[in-house]
Every structure is written in C-alpha cells, then in structure tokens.
Amino acid sequence: MPARRRAGRSRAATSRAATSRDRSSRAATSRDPSSRATASNHHGIHLLRSSGTVRALIESADLVPDALVLDLGAGPGTLTAPLARTGARVIAIERDPAFLLRLRERFDGLPNVRVVAGDLTVVPLPRGPFQVVASIPYALSTTLLRRLLPGRTRLSAADLVVEWGFARRISAPVGRDLETAWWAARFDLRLVRRIPAASFRPLPAVDSAHLRIRARPGLGERRTQRILYALLTVAYRSPDRPARAVLAEAVGKAGAHRIAASTDLDQATVAGDVAASRWGEVSRLAAAGPAVVPPHLPRIPARLLDPGPGGPRRA
C-alpha cells in the first residue's frame, strides 16, 4: 500500500508539472506573436527569415541617405534594421502590440527610425515622395496596392514580398481588368524572383515573390491621366475593337493617326492585346499634343485617384 501511494503521488506530481509547463508555454506564446503564429497562425503571420532575400530587397531599393521609406507590417524589424543602415528615414508601421513593443525597444535612440502604431489599411501615407520596402500580408495585397498606386500617389518605388500567384497576375503585360491596367500603365510592375515558402516561419502554403514597382516618367499629370483613363475605359469595354479605333474614340481622329504611328500601333492590333505600358505611352504623347480637349474626357473615379482612408500625412 505505501508503494502504491508513493506511485500515485509521483503520477500526480508529474501531471501537475506538465500542466504548469503547458500554462507557461501558452503564456509565452501569447506574448510573442511569432510563437503564436507557429502554434496556430490565426493571425496569418509569416516572418521572412531568408537573409539573402532581405539583402536582395535592400539592394533593389537602392536607397539614398535621407530618402523616406516605409516598412509596412514591420513585425520584429527584419527589414527595418537593414533599411536603417542605409541612412534612409524609415517609418516602421505595425499594429500588433507585442511587435510594437519589440520595435520600440530595438530602435529606441535611432534618429532615422520612427515606429508608428497603425492599421495598414487606414494609416496616412506621406505627402512627399516615398518608397516602400516590405513583406506584406497576402490578404492585404490588393488593398495595399490600391492605397499605394492611385493617381495622386507620391510613391516613387516599392520592393514588396507578395504571394507568387498575385505577383504573376498583376505583372502580366496586359492587365486582367481596368484597375490592374491603370496600375501597370503608370508603374513598371516587375516580378523579380520567386521566394520559396521555406524562406518564412511558419511556412506559408505557397511560395512568394519579389515584386518590383517603379513609377513610369511623365504619367503623373492630371491631363495625361484623364486621357489614359479614357483609353482604358474604351479598351476594356470593347477589347475586340481595333486599337486605333479605340484611340480615335478616346482622343479624337485628329491626333490618333500621328500617335498610332509614333508608337507602332498597327491596324491589325486589337485593344485587348495592347500592353498597359503602351497605353501609358499613348496617353503621354496625346497629352503633349493639342488635339485632346480635357473637358471631353471622362472623370477618373475617386477610388483610382486617392490613397483611401486616412489620407496623406506629412513626411
């Protein structure tokens, strides 16, 4: 009997110790978002762990000292730290309280790093020129591009980590719809390289991609953008029409022939086969000539012009 009682006490002590360890583990997990992600990933957190990918993003950004760069969804500062070492002014934006605490502790005292608590979907964007280098949440990819690439954006360049399939879709030469064509006509959207799922912790279900975004010159003026929007509206409404007919309808016959000839837009090309970058070039040439009268052009919807909730912030 004494032996059985000792065995029972031993099993009970072992059970209490295991329960204590389990509680401690859950408490630590709740304080560390990266551990929380590993356990269940309800928050969709995938932290970039590839030093080679981080280095490639920083090199591609080609930041100069005092340039303004945003790290959207900064997490523990994986990209914030090397961005700060370039001498650029870095704004690290994060909403998770635990990550925010780590960021503030890590970069306290660095004059060129500012940690901002904010939701990426509504946080104000800079009024002056800025760049973005970030590994963004898959679920927010479209929302963030809508905020970064409207007509009135001051974004000059971005190097983003996004989901592989998303990068392939929006970097296609011919936009799948008017909105993606509106982006691609004004920005060079280039898929640089595939990033394996193994580059993240925890592992996502799919690979990612380095998406390089650069503003195309000469497409920031309102007149040019109104012509571009008119062209895209007609082209995506009637993709099987000859591209020259679309051009004539949008900008008038007077300048259509001259513009088509200077951009090698031949008679056989249909609107649905024209690359977004070509429509951008056409609109730039049309805006430079006297043939187009702005009041005859359709207004660009606000959703394609403005960065969305929150409005711009001073840099």
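Quick note: residue numbers are just sequence positions, from 1. Only this structure's heavy atoms are used, side chains among them; waters, hydrogens and symmetry mates stay out.
Considering V123, D119, D71 as possible partners of I93, the one that fulfils the side-chain contact (heavy atoms from CB on, under 4.5 Å) test is V123. Screening T180, L189, L304 for a side-chain contact (heavy atoms from CB on, under 4.5 Å) involving L149 leaves a single residue, L189.
Taking D266 as the reference, T269 meet the side-chain hydrogen bond (donor to acceptor under 3.5 Å, both in side chains) condition, with sequence neighbours excluded. The side-chain hydrogen bond (donor to acceptor under 3.5 Å, both in side chains) test applied to D159 returns S60, H210, R214, not counting sequence neighbours. Legend: residues meeting side-chain hydrogen bond (donor to acceptor under 3.5 Å, both in side chains) with E179, ordered by chain and number and at least two apart, are R146. Applying the side-chain contact (heavy atoms from CB on, under 4.5 Å) criterion to A197, with sequence neighbours excluded, gives P204, D207. Legend: residues meeting side-chain contact (heavy atoms from CB on, under 4.5 Å) with E249, ordered by chain and number and at least two apart, are V234, R237, R241. Here R85 pairs with nothing under the salt bridge (Lys or Arg N to Asp or Glu O under 4.0 Å) rule; sequence neighbours left out. With sequence neighbours excluded, the residues satisfying side-chain hydrogen bond (donor to acceptor under 3.5 Å, both in side chains) with T53 are S50, R193. Contacts of L144 classified as side-chain contact (heavy atoms from CB on, under 4.5 Å), with partners at least two apart in sequence or in another chain: L120, I136, L140. Residues forming a side-chain contact (heavy atoms from CB on, under 4.5 Å) with P76 (at least two apart in sequence, or on another chain): L47, T78, F99, R102.
Both L232 and L305 belong to a single network of hydrophobic side chains, linked directly or stepwise wherever heavy atoms of I, L, V, M, F, W or Y lie under 4.5 Å apart. Tracing side-chain contacts under 4.5 Å through hydrophobic residues (I, L, V, M, F, W, Y), one reaches L178 starting from V246; they form part of the same cluster. The cluster map of Ile, Leu, Val, Met, Phe, Trp and Tyr, joined by side-chain heavy atoms under 4.5 Å apart, puts L155 and V116 in the same cluster. In the hydrophobic clustering of ILVMFWY residues, with side-chain heavy atoms under 4.5 Å counting as a link, L219 and V251 come out apart. Residues V174 and L231 are members of one and the same hydrophobic cluster, defined by side-chain heavy-atom contacts under 4.5 angstrom among Ile, Leu, Val, Met, Phe, Trp and Tyr.
In this structure, R186 contributes its side chain and P150 its backbone to a donor-acceptor pair below 3.5 Å. Side-chain atoms of S262 come within 3.5 Å of backbone N or O of I259 as a donor-acceptor pair. Judged by distance alone, the side chain of E94 and the main-chain N or O of D96 form a donor-acceptor pair under 3.5 Å. Checked by atom type and distance alone, the side chain of R147 never pairs as donor or acceptor with a backbone atom of T143 at under 3.5 Å. With hydrogens and angles disregarded, no donor-acceptor distance shorter than 3.5 Å links the side chain of Y229 to the backbone of P301. In this structure, the side chain of R89 engages the main chain of D66 through a donor-acceptor pair within 3.5 Å. The closest donor-acceptor contact from the side chain of Q131 to the backbone of A67 lies at 3.5 Å or more, if one exists at all.
Contact of the R49 side chain with the S199 side chain is not registered, since no non-hydrogen atoms from C-beta on lie closer than 4.5 Å. Under the 4.5 Å side-chain criterion, counting only non-hydrogen atoms from C-beta, Q267 is in contact with R244. Annotation: side chain of S277 is in contact with side chain of R216 (closest heavy-atom distance under 4.5 Å).
Rounding to the nearest 0.5 angstrom, the gap separating the CG atom in L211 from the CZ atom in R190 is 11.0 Å. One distance of note links OG1 of T153 with CG of L148; it measures 6.5 Å at 0.5 Å rounding. Taking OG1 of T80 as the start and CZ of R114 as the end, the distance is 13.5 Å to the nearest 0.5 Å. Between the OG1 atom in T263 and the CZ atom in R258 there is a gap of 10.0 Å [rounded to 0.5 Å]. In this structure, F130 CZ and L125 CG are separated by 5.0 Å, a value rounded to the nearest 0.5 Å. Atom CD in Q225 sits 8.5 Å away from atom OG in S283 (nearest 0.5 Å).
Residue L110 shares its hydrophobic cluster (ILVMFWY side chains chained together at separations under 4.5 Å) with L48, V54, L57, I58, L63, V69, L79, L83, V90, L100, L103, F107, V113, V115, V133, V161, I195, F200. By the 4.5 Å side-chain criterion applied to Ile, Leu, Val, Met, Phe, Trp and Tyr, V192 is assigned to no cluster and stands alone.
Enclosure of atom CZ in R95 is not indicated, since only 12 or fewer non-hydrogen atoms of other residues, nucleotides or ligands lie within 6.0 angstrom. Around atom CZ of R152, more than 12 heavy atoms belonging to other residues, nucleotides or ligands sit under 6.0 Å away.
A salt bridge between E281 and R284 is present, with a side-chain N of the basic residue lying under 4.0 Å from a carboxylate O of the acidic one.
Nearest heavy atom pair, residue N112 against residue A84, reads ND2-O, 3.0 Å. A pairwise comparison of heavy atoms in W279 and A235 identifies CZ2-CB, 3.8 Å as the closest pair. Taking each heavy atom of A276 and A181 in turn, the nearest pair found is CB-O, 3.7 Å. Contact detail for A271 and S238: the closest heavy-atom pair is CB-O, 3.9 Å.
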Which atom pairs, donor and acceptor, lie under 3.5 Å between side-chain atoms of residues 162-173 and protein residues at least two apart or in another chain?
unit_1: E163; atom_1: OE1; unit_2: G165; atom_2: N; d: 3.2
unit_1: E163; atom_1: OE1; unit_2: F166; atom_2: N; d: 2.8
unit_1: E163; atom_1: OE2; unit_2: G165; atom_2: N; d: 3.0
unit_1: R169; atom_1: NH1; unit_2: G165; atom_2: O; d: 3.4
unit_1: S171; atom_1: OG; unit_2: A167; atom_2: O; d: 2.6

